[in-house]
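Predicted, not measured: the structure shown is a model, and the values here were computed from it. Both ligands and their constituent atoms are indexed starting at 1 by order of listing.
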Amino acid sequence: MRRGNGLSEPSSGLSDIREASGQPIVEAIDLVREYQMGQEKVRALDGLNLTLEARQFVSIVGPSGAGKSTLLHVLGALDVPDSGSIIVDGLDLAKLSEEQQSEFRRTRVGFIFQFFNLIPTMSAWENVALPRLLDGKSLRSAKSEAIALLDRVGLGDRSKHRPSELSGGQMQRVAIARSLIMSPRIVLADEPTGNLDSHTGESILELLTEVAHEGDGRLVVMVTHDNKAAAHADRTITVRDGKIQE
Ligand SMILES: Nc1ncnc2c1ncn2[C@@H]1O[C@H](COP(=O)(O)OP(=O)(O)OP(=O)(O)O)[C@@H](O)[C@H]1O
Ligand SMILES: [Mg+2]
């Protein structure tokens, strides 16, 4: 889904792009994303507008099929809108080359999923360290950062456990630690408590609240079906028929 834009050569990195400062961390204008299903077109995003400030925990709710996951994917440059503009952390995502999009996903965004998506053959610390290792850090420093983050999420004594030796809530804590290892500006979570009992889910929501409010202005965006989970957020946004209904 390469977009020609003449902005920069594919080989140039994100740091070469001058970023706007003092802007909201997310600014989406008139986003449209259509999927072709056989003869039929589905408008997952239908002219969606959204502005999000940093240092917030934002929840996104709405009926099934409303476009919540699609919006999250567009915010994280996992998907590209057909039209409209989406600026995240000062970067106009539709104008990035594929290589820059991949750097954006790797360095600016942390992803948290309903089913944790941990690598089963790796220990907790190895799962957390992996993005850092892929980024070229030495094993030694990636390991010490991973262990510090596992401490941070309350799993300092589980760093050598494999996912199968952890509870669901512990696996999600490992995934949260992994999402933070690159110090992303934005953390995107799709139904992070969807596979957890309500008590465990509460503790994950408290952790996500802390993650949003710590540091120098991170944004956490969580998609959820659970109104009680959404109530933890600073702001709740409803998506319906591919648009925001606040
Ligand atoms: N890859 C795809 N190909 C075709 N259609 C898609 C694709 N992804 C999503 N859609 C369609 O786009 C619409 C929005 O989907 P999306 O996954 O964003 O909904 P959602 O709000 O996350 O729903 P849920 O709450 O069930 O997860 C749906 O009608 C869906 O069928
Ligand atoms: Mg979804």
Side-chain angles (χ1 to χ4, degrees), residues 1-3 25-52 56-88 93-94 96 98 101-102 104-105 109-118 168-169 171-172 175-176 178-179 184 186-198 200-202 204-205 208 211-212 219-246:
M1 251 182 290
R2 177 87 219 275
R3 301 244 162 160
I25 190 164
V26 168
E27 182 122 59
I29 300 166
D30 221 4
L31 285 184
V32 173
R33 180 69 175 107
E34 269 184 344
Y35 295 111
Q36 189 79 42
M37 289 298 288
Q39 301 284 53
E40 225 186 306
K41 270 189 179 165
V42 178
R43 273 208 165 197
L45 300 178
D46 188 13
L48 183 143
N49 293 291
L50 179 64
T51 303
L52 299 175
Q56 283 216 320
F57 181 20
V58 175
S59 62
I60 296 182
V61 299
S64 184
K68 305 181 297 294
S69 294
T70 305
L71 173 60
L72 213 64
H73 295 160
V74 168
L75 289 176
L78 289 169
D79 196 356
V80 183
D82 296 303
S83 64
S85 98
I86 169 80
I87 294 171
V88 179
L93 298 189
L96 300 183
E98 271 189 22
Q101 283 178 18
S102 128
F104 171 84
R105 287 191 294 269
V109 191
F111 294 99
I112 299 167
F113 304 94
Q114 180 174 357
F115 297 102
F116 326 125
N117 291 19
L118 300 174
M171 282 193 268
Q172 198 58 301
I176 292 171
R178 178 185 57 188
S179 79
I186 164 166
V187 172
L188 303 175
D190 202 344
E191 298 279 359
T193 60
N195 205 38
L196 303 174
D197 66 72
S198 63
T200 309
E202 285 284 313
I204 292 298
L205 292 161
L208 290 175
V211 164
L219 169 71
V220 176
V221 183
M222 167 181 75
V223 167
T224 183
H225 275 107
D226 178 358
N227 286 334
K228 267 174 80 184
H232 281 257
D234 302 310
R235 179 178 170 197
T236 298
I237 285 162
T238 305
V239 175
R240 195 178 290 272
D241 299 330
K243 294 188 185 74
I244 302 294
Q245 188 187 62
E246 233 169 319

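- Side-chain contact check for Lys243 versus Asp241: every heavy-atom pair is 4.5 Å or farther apart.
- Without hydrogens or angle criteria, Gln114 side chain to Phe116 main chain gives no donor-acceptor distance under 3.5 Å.
- Taking 4.5 Å as the limit, every side-chain heavy atom of His225 sits out of range of all side-chain heavy atoms of Val61.
- Side chain of Lys68 to backbone of Thr238: no donor-acceptor contact under 3.5 angstrom is found.
- You'll find the side chain of Gln172 stays beyond 4.5 Å of the side chain of Thr200, heavy atoms only.
- For the Mg ion (ligand 2), the nearby protein N/O/S atoms, meaning those under 2.8 Å, are Ser69 OG.
- In this structure, the side chains of Leu71 and Leu45 come closer than 4.5 Å at one or more pairs of heavy atoms.
- In this structure, the side chains of Leu52 and Arg235 come closer than 4.5 Å at one or more pairs of heavy atoms.
- Around CD of Glu40, the count of heavy atoms belonging to other residues, nucleotides or ligands within 6.0 Å does not exceed 12.
- The residues lining ligand 1, counting any heavy atom closer than 4.0 Å, are Tyr35, Met37, Val42, Ala44, Pro63, Ser64, Gly65, Ala66, Gly67, Lys68, Ser69, Thr70, His225.
- In terms of modelled atom types and a separation under 3.5 Å, the side chain of Asp79 and the main chain of His73 share no donor-acceptor contact.
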